[in-house]
Amino acid sequence: MLFSETLIDPTFSLVSWVVWFPLGGIVINLLFGRRLGERFAAAAACLAAAGSFIISVLLALALARHSEGATIPLLEWIHTGALQIDWTFRVDTLSVTMMLVVSGVGTLIHIYAAGYMHYSVRVDGDPGRYSRFFVYFNLFILAMMLLVSADNYLMLFVGWEGVGLCSYLLIGFWYEKGIDGIANARAAKKAFLVNRIGDFGLLIALFLMFWNFGSLQFDPVFNRAPEIAAAVPGVLLAITLFMLLGVAGKSAQLPLFVWLPDAMAGPTPVSALIHAATMVTAGVYLVARSHVLYELVPAAQNTVMWVGALTALFAASIAIAQNDIKKILAYSTISQLGFMITAVGMGAFTAGMFHLITHAFFKALLFLGAGSVILGMEGARKLDETNSYGDPRHTHTDPQDITLMGGLRDKMPVTYRVYLIGALALAGIAPLAGFFSKDEILAAASRTSPVVFLILLAAAFLTAFYMGRQVWLVFFGKPRSASAQHARENIPVITIPLVLLAVLAALGGVLNIPGSYYLESWLEHTLGKGIETVFNPVIALTSLLVALAGLFATWLIYGRWEAKTGEIDPLAGRLGVLYTCVKNKWWVDELYHAVFVRPFQRLAQICAEPVDQGWIDGIPVGLSALTKAVSFSLRGLENGYVRTYALFILAGLVLIFAYLILR
């Protein structure tokens with residue numbers, strides 16, 4: 001679509017404030033946050049995020065009047081040769097949709113974090129980090145807003161790298177904690193390095209794009225895409241596949257998903273912000289934004305679709321046997337991102353974006369609900385010095401281990417109710433939001449590829465199963481530790497955001513409810529028609545029955561199971577060797593360690609003495625030794641005698657005259 005050269009609505013000029021507000025929050029907390037206390041730091045950060053949300057709402061209202069949108073230049077950036085790149089914001093229905101999700105859900109997470117981190121910094125022993133946390137949090141919102149509001153790929157890439165930096169800072173926020181005092185630091189490093197692989201792919205895509213298109217601006221690239229596709233058939237395939245590598249890194253798809261479960265090392269609000277509203281959705285947005293390129297390359301579309309479908313099933317299979325409440329949700333996020341990637345790969349861009357929005361609602365709810373459970377368990381952890389569940393591997397209660405919970409339905413009634421809504425929405429139970437968005441993806445898959453449809457259906461069954469298992473073990477039965485026995489509900493600053501997110505998770509389906517399809521009409525101005533959304537009652541009923549079957553299977557296994565001392569998970573007896581595989585996450589991390597990490601470490605050890613110490617260290621050391629030797633030899637010439645200096649001058653003149661005569 002072509003954007004207006006003149007500003008048809010003055011509201012569009014406010015778009016830069018979606019970045020200025022979080023930047024203001026960062027500056028305020030850097031200068032005054034620690035000095036003025038926790039309430040001031042939290043208020044500044046929350047108001048900054050809320051300011052971005054208000055601007056996003058105003059932009060959405062303006063787009064409702066003028067759907068053609070606008071580009072808003074801010075300042076000149078890179079003008080060299082053919083490369084003309086400015087800081088320019090793009091206001092269209094796709095970018096504003098992402099702004100609303102990022103800032104809206106992000107604001108609720110900020111409010112929750114104000115209460116959560118008050119306890120977290122004390123449990124972990126450093127209250128002074130409270131304001132630093134909100135500096136990083138606002139920086140995350142700023143980077144994501146920059147990414148989704150960019151009018152060119154280079155500006156998008158700056159935001160892309162910004163969210164990567166923020167993930168590193170926040171995953172490793174308690175860098176000195178974890179196993180051996182370095183586990184959290186390793187988790188942050190792992191996220192950073194795996195994402196560098198994906199970012200390398202995106203950079204190659206951008207290099208190829210500029211080389212062939214002569215521009216990185218969206219409109220010139222999209223307008224010339226059909227011409228380039230006809231003239232150089234393979235270049236768009238290369239660009240889109242390298243772009244997919246970037247998507248796989250940022251949105252945790254096969255084979256680059258391994259960093260996301262380890263990201264649970266960060267505080268729980270960080271998990272919610274990464275998984276629900278910001279970083280991992282960037283890959284889905286990138287494919288949707290580049291839909292013009294992908295629609296011209298069916299091979300790339302098919303590749304995207306298959307990567308998403310296989311990731312959805314693979315990650316869901318791992319989630320069914322995990323016991324860490326946050327890691328179950330982490331693998332769930334990877335799986336649900338697979339659904340979104342499959343949708344945009346099929347050309348069902350609206351369906352993918354719809355699931356991105358509803359997923360932001362219920363996954364933020366689930367992560368923050370998990371944080372509420374952890375706080376409830378943390379408050380009583382000191383009471384449980386021995387593990388009443390009988391597992392000899394534990395010497396104290398792990399506040400994230402669902403096998404040590406139980407009975408929290410009565411202890412934490414608000415958390416239980418909202419968590420149940422989020423779990424059922426994720427499972428796809430009607431009429432909650434997840435039912436409608438997942439149904440659209442399944443309907444599109446049924447018309448595109450029967451095999452992909454069956455894969456997604458199997459993933460949907462596993463989704464309902466692992467969420468049912470988690471709910472049964474956390475909230476039902478009898479408490480299986482002293483911490484669970486003494487857990488209690490949290491304060492309103494924790495529970496109110498949960499209630500608001502529960503409302504969104506319950507009612508979010510109205511955004512694209514069959515018959516009206518508001519979201520499809522809204523996004524059509526940016527994404528075009530794509531695969532038309534058609535409600536299929538057979539697919540909807542099948543999806544619902546599959547979800548109910550998953551929940552029923554959970555009840556058969558766990559609903560009537562009373563955990564006894566030393567008893568293993570009853571799922572292990574039913575799945576046998578398969579349970580061992582999924583419990584150990586199919587040994588993917590071990591495989592990567594054996595194939596990549598260990599050989600690299602061995603090579604580094606081999607090269608340490610001859611290369612690192614011999615050449616790399618040897619060159620500067622040798623140069624310094626040579627300089628020292630020369631200076632030692634020449635210092636005798638500086639003896640302080642005038643006759644010596646006169647002799648040197650005379651010798652120099654003789655040499656100059658000799659050179660002139662001989663030339």
Does any N or O in the side chain of [X] come within less than 3.5 Å of the main-chain N or O of [Y], such that one atom is a donor and the other an acceptor?
X: S516; Y: N512; answer: no
X: N184; Y: W174; answer: yes
X: S167; Y: G164; answer: yes
X: T311; Y: L254; answer: yes
X: T107; Y: A49; answer: yes
X: Y285; Y: V148; answer: yes
X: D439; Y: F435; answer: no

Let me confirm one number: the [atom1]-[atom2] distance from [X] to [Y], rounded to the nearest 0.5 Å.
X: Y517; Y: F354; atom1: OH; atom2: CZ; value: 9.5 Å
X: I341; Y: L244; atom1: CD1; atom2: CG; value: 7.5 Å
X: Y294; Y: I239; atom1: OH; atom2: CD1; value: 10.0 Å
X: H291; Y: L523; atom1: NE2; atom2: CG; value: 10.0 Å
X: F349; Y: T526; atom1: CZ; atom2: OG1; value: 12.5 Å
X: N152; Y: F157; atom1: CG; atom2: CZ; value: 12.5 Å

Candidates N223, D151, T88 - the one meeting side-chain hydrogen bond (donor to acceptor under 3.5 Å, both in side chains) with Q217: D151
Out of the candidates K363, H355, H359, only one should pair with Q336 under the side-chain hydrogen bond (donor to acceptor under 3.5 Å, both in side chains) rule; please name it. H355
Kindly state each residue pair satisfying salt bridge (Lys or Arg N to Asp or Glu O under 4.0 Å) with at least one member in residues 251-270, sequence neighbours excluded.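 The answer is K190-D262.
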Derivation and outcome, side-chain contact (heavy atoms from CB on, under 4.5 Å), residues M264 and L329: CA-CA 10 Å; M264 299 303 97; L329 298 178; over 6 Å; no
Sequence neighbours left out, cut at 3.5 Å: what donor-acceptor pairs do the side chains of residues 271-280 make with other protein atoms?
unit_1 : atom_1 : unit_2 : atom_2 : d
H275   : ND1    : T333   : OG1    : 3.0
T278   : OG1    : L273   : O      : 2.5

Any side-chain heavy-atom pair of [X] and [Y] under 4.5 Å:
X: T358; Y: F436; result: no
X: M155; Y: F89; result: yes
X: L286; Y: L202; result: yes
X: W77; Y: L154; result: yes
X: L216; Y: V221; result: no

Where does the angle between the aromatic ring planes of H110 and F134 fall among parallel (under 30°), tilted (30 to 60°) and perpendicular (over 60°)?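 Geometry flag for F134 against H110: tilted rings.
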Could you label the plane-to-plane angle of the Y153 and F222 rings as parallel, tilted or perpendicular, counting under 30° as parallel and over 60° as perpendicular? perpendicular
Extract all donor-acceptor atom pairs below 3.5 Å that involve side chains of residues 51-58 and protein atoms in other chains or at least two apart in sequence.
unit_1 : atom_1 : unit_2 : atom_2 : d
S52    : OG     : V18    : O      : 2.9
S56    : OG     : S52    : O      : 2.8

All pairs passing side-chain hydrogen bond (donor to acceptor under 3.5 Å, both in side chains) where residues 198-210 contributes a residue, at least two apart: W160-D199, R196-D199
So does D219 pair up with R224, basic N to acidic O under 4.0 Å? no
Candidate pair F137 and V270, rule side-chain contact (heavy atoms from CB on, under 4.5 Å), full reasoning: CA-CA 8 Å; F137 237 38; V270 174; 4.1 Å; yes
Shortest non-hydrogen pair, A312 vs L456, comes out as CB-CD2, 4.1 Å
Shortest non-hydrogen contact from T268 to G371? CG2-CA, 3.5 Å
Looking at R129, I want to see if its CZ is surrounded by more than 12 non-hydrogen atoms of other residues, nucleotides or ligands under 6.0 Å. yes
Decide side-chain contact (heavy atoms from CB on, under 4.5 Å) for I357 and L519; before the verdict, give the C-alpha distance in whole Å, the side-chain angles of both, and the deciding distance to 0.1 Å. CA-CA 10 Å; I357 295 168; L519 185 64; 3.9 Å; yes
Is it true that H525 and E68 share a donor-acceptor pair across their side chains at a distance under 3.5 Å? no
For Q84 and H79, test the side chains for any donor-to-acceptor distance below 3.5 angstrom and give the result as yes or no.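 Checked: Q84/H79 side chains pair up, N/O donor to acceptor below 3.5 Å.
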Using a 3.5 Å cut-off and no angle test, enumerate the donor-acceptor pairs between side-chain atoms of residues 23-30 and protein atoms at least two apart in sequence or in another chain.
unit_1 : atom_1 : unit_2 : atom_2 : d
N29    : ND2    : A41    : O      : 3.2

By side chain to side chain contact (heavy atoms under 4.5 Å, CB included) - contacts of Y136 (at least two apart): R132, L169, L170, F173
Begin with the C-alpha distance, continue with both residues' side-chain angles, and end with the deciding distance and a verdict on side-chain contact (heavy atoms from CB on, under 4.5 Å) for N195 and W259. CA-CA 8 Å; N195 272 276; W259 68 271; 3.5 Å; yes
